[in-house]
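Notes follow the structure.
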There are 2 protein chains.
Amino acid sequence: MNIGQAARASGISAKMIRHYEATGLIPKVARSLSGYRHYGERDIHTLRFIRRARAAGFNTAQIKKLLSLWQDRQRPAREVKQLASEHLAELKARIIELELIAQALTQLVDHCHGDERQECPILDNLARED
Amino acid sequence: MNIGQAARASGISAKMIRHYEATGLIPKVARSLSGYRHYGERDIHTLRFIRRARAAGFNTAQIKKLLSLWQDRQRPAREVKQLASEHLAELKARIIELELIAQALTQLVDHCHGDERQECPILDNLARED
DNA sequence: GCTTGACCTTCCAACGATGGTAAGGTCCAA
DNA sequence: TTGGACCTTACCATCGTTGGAAGGTCAAGC
């Protein structure tokens, strides 16, 4: 499998596959005589793992840990759970932060009549003098 | 007022004030003979406006529009409301996206016993074969 | 054999917002 | 005059991803 096929099979762009290799998230794969990268089923499996972890919001460093935990048969579930829990806590904190912003903004938007007049609570609030 | 004082008064770092000037978000301010930037009350007011807009999650392009709407006495509230509504819609979409991720992750974390055993639904899910 | 087009390679740059650091000039008070 | 706080510009880094440029490879069709 060339990198294009691996990209289609894994859902990760060829660009990113090269990037993951360059940054050490995945090992360097075998090459053909002309330098083309070759991928096997195991590589695709790993790439899919990465795609799902990214979709779950894990960053590269976390994915690196997840990968090594995945490949370590001896790992205790505890470690994985802790990593995921930390990520989940960050996610929840982020959600709350965004919700607070959205709440305040909703308030302002609701109070803005939004017609041709010039008075606007949204701008007034951003420009307030306190 | 020098840039340091302006930074303290506005809550925006000197670094970012220079950056905003370089990228055209704020106009170039007057300089002393030796090249020091000088800020007046109006400038501080503008910087505070920007800080609040950033805190509300608006990006630079949106803030640029907000600033020009703020400075245009003739602007209809409609335009401001539309801009804010679009941003709010993006915020809400983002929140939902994160909530879906958090929900799925919570599910997995809850089902992982997290002890010394090796079986782990979290890794199993990321590595699933479908 | 040659052309064409799809594919691959590496390298370099950009996004957006912010932080850091380095090398140097300025201001003010002791 | 010296020291320290402040300012200047310029460059590099982050994070994940995308884009482009310049060039090599492969396979099919003529």
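Protein chains get the first letters and strands the later ones, always in sequence-line order, with residue 1 at the start of each. Since this is a predicted model, take the numbers as computed values, not measurements.
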(message) Without decimals, in angstroms, what is the distance between B/Leu25 CG and C/dT18 P?
(response) 11 Å
(message) To the nearest 0.5 Å, what is the distance between OG1 on B/Thr46 and OH on B/Tyr39?
(response) 11.5 Å
Is there any protein nitrogen or oxygen under 3.5 Å from a nitrogen or oxygen in nucleotides 5-7 of chain C, and what are the pairs?
residue, atom, partner, partner atom, Å
C/dC7, O2, A/Tyr36, OH, 3.4

(request) Looking at every strand, decide which applies to B/Arg37 at a 4.0 Å heavy-atom threshold: base, sugar-phosphate, or nothing. (result) sugar-phosphate
(message) If I take atom OH in residue B/Tyr39 and atom P in nucleotide D/dC6, what distance separates them, rounded to the nearest angstrom?
(response) 16 Å
(request) For the pair B/Trp70 and B/His45, name the ring-plane relationship: parallel under 30°, tilted 30 to 60°, perpendicular over 60°. (result) perpendicular
(request) Starting at CZ of A/Arg51, measure out to CD1 of A/Ile44 and round the result to the nearest 0.5 Å. (result) 11.0 Å
What nitrogen or oxygen pairs link the protein and nucleotides 21-23 of chain C at under 3.5 Å?
residue, atom, partner, partner atom, Å
C/dT21, O4, B/Lys15, NZ, 2.5

(request) May I have the distance from A/Lys64 (atom NZ) to D/dG16 (atom P), rounded to whole angstrom? (result) 11 Å
(request) Indicate yes or no: does B/Glu79 engage B/Lys65 in a salt bridge with an N to O separation below 4.0 Å. (result) no
(request) Give a yes/no answer on whether the side chain of A/Ser34 brings an N or O atom under 4.0 Å of OP1 or OP2 in C/dT9. (result) no
(message) Rounded to whole Å, how long is the line connecting atom CD1 of B/Ile50 with atom C1' of C/dT18?
(response) 15 Å
(message) Distance check needed: D/dC7 C1' versus B/Met1 CE, whole Å only.
(response) 16 Å
(request) Can you tell me the distance, in whole Å, between the CG atom of B/Leu33 and the P atom of D/dC7? (result) 17 Å
(message) I'd like to know if B/Asp43 pairs up with B/Lys28 as an ion pair, taking the criterion as any Lys NZ or Arg NE/NH1/NH2 lying under 4.0 Å from an Asp or Glu carboxylate oxygen.
(response) no
(message) With salt bridge (Lys or Arg N to Asp or Glu O under 4.0 Å) as the criterion, how do A/Glu41 and A/Arg48 come out once you've worked through the C-alpha distance, each side chain's angles and the decisive distance to 0.1 Å?
(response) CA-CA 11 Å; A/Glu41 282 306 320; A/Arg48 291 212 186 107; 5.5 Å; no
(message) Applying a 4.0 Å non-hydrogen cut-off, can you work out what A/Ser32 is touching in the nucleic acid: base, sugar-phosphate, or nothing?
(response) nothing
(request) Assess whether salt bridge (Lys or Arg N to Asp or Glu O under 4.0 Å) is satisfied between A/Arg31 and A/Glu21, documenting all intermediate values. (result) CA-CA 13 Å; A/Arg31 304 274 191 134; A/Glu21 180 185 302; 3.6 Å; yes
(request) Count the heavy atoms belonging to other residues, nucleotides or ligands that lie under 6.0 Å from CZ of A/Arg94, then report whether that count exceeds 12. (result) no
(request) Please state how far atom CD1 in B/Ile17 lies from atom C1' in D/dT8, giving the value in whole angstrom units. (result) 15 Å
(message) Using only atom types and a distance under 3.5 Å, with no angle test, would you say the side chain of B/Lys64 pairs donor to acceptor with the backbone of B/Leu25?
(response) no
(message) Less than 4.0 angstrom from a charged side-chain N to a carboxylate O is my criterion; do A/Arg52 and B/Asp124 meet it?
(response) no
(request) Check step by step if side chain to side chain contact (heavy atoms under 4.5 Å, CB included) holds for A/Met1 and A/His38. (result) CA-CA 5 Å; A/Met1 258 178 160; A/His38 281 177; over 6 Å; no
(request) Please report, rounded to the nearest Å, how far the C1' atom of D/dG16 is from the CZ atom of A/Arg18. (result) 16 Å
Within the sub-3.5 Å range, which N or O atoms of nucleotides 15-17 of chain C have a protein N or O partner, and how far apart are they?
residue, atom, partner, partner atom, Å
C/dA17, OP1, B/Thr60, N, 2.9
C/dA17, OP1, B/Thr60, OG1, 2.9
C/dA17, OP2, B/Thr60, OG1, 2.0

